[in-house]
Amino acid sequence: MAIDDDFLYPRSRYQGNFTPENLVFNSNLQEFAQRVSIICGLETGGKISPEEAYEQIKELWKQLRNSKENLGIGTDSENNSDHKNI
């Protein structure tokens, strides 16, 4: 029996201000959230240590931040309410 990827890795529709960059970042953000959820489950179940979970999530965060910077998200002068710590 084949595993349905939509069931294991659901994707929500993008509802924000459409630009290709925003769409790609939204996809990256959803993947980040999914992977963090899996890591948390592994740590809670005792499969990985809290330190390992932290390091993996920290690396995922760096990747997400790099994605944001490379896509130029939040650099528009129109959007003055950017959060500097994202």
Side-chain angles (χ1 to χ4, degrees):
M1 185 164 115
I3 297 174
D4 187 5
D5 284 342
D6 290 336
F7 176 75
L8 292 176
Y9 306 108
R11 297 282 182 167
S12 298
R13 297 180 86 181
Y14 182 65
Q15 301 292 322
N17 182 24
F18 179 79
T19 65
E21 294 82 6
N22 286 350
L23 187 63
V24 169
F25 182 71
N26 180 265
S27 176
N28 293 343
L29 185 60
Q30 288 186 49
E31 181 178 350
F32 170 81
Q34 182 69 31
R35 293 180 73 184
V36 167
S37 177
I38 291 169
I39 292 167
C40 290
L42 289 171
E43 191 277 330
T44 300
K47 300 296 183 185
I48 61 175
S49 70
E51 294 82 13
E52 179 65 22
Y54 174 81
E55 289 302 322
Q56 288 184 23
I57 293 170
K58 183 178 172 182
E59 183 60 34
L60 289 173
W61 179 255
K62 287 179 186 178
Q63 292 172 9
L64 184 65
R65 186 178 56 220
N66 287 339
S67 168
K68 177 185 176 285
E69 291 170 359
N70 291 337
L71 291 167
I73 303 295
T75 59
D76 293 341
S77 60
E78 299 171 357
N79 191 355
N80 295 328
S81 63
D82 290 337
H83 299 281
K84 297 297 180 188
N85 62 350
I86 293 181

Quiz prompt | With Asn22 via side-chain hydrogen bond (donor to acceptor under 3.5 Å, both in side chains) - residues at least two apart | solution = Thr19
Quiz item: Once you round to the nearest 0.5 Å, how far does CD of Gln15 lie from CG of Asn26?
Solution: 9.5 Å
Practice problem: Using the rule that two of Ile, Leu, Val, Met, Phe, Trp, Tyr join whenever any of their side-chain heavy atoms come within less than 4.5 Å, decide whether Leu60 and Ile38 are in one cluster. | Solution: yes
Exercise. With sequence neighbours excluded, give me every ring pair (Phe, Tyr, Trp, His ring centres under 6.0 Å) pair touching residues 27-46.
Key: Phe32-Trp61
Quiz item: Is Ile73 reachable from Leu29 through a run of I, L, V, M, F, W or Y residues, each pair having side-chain heavy atoms under 4.5 Å apart?
Solution: yes
Quiz item: Which salt bridge (charged side-chain N to carboxylate O under 4.0 Å, His left out) pairs, counting each pair once, include a residue from residues 32-60, with sequence neighbours left out?
Solution: Glu31-Arg35
Quiz prompt | Qualifying residues under side-chain contact (heavy atoms from CB on, under 4.5 Å), relative to Val24, sequence neighbours excluded | solution = Asn28, Leu71
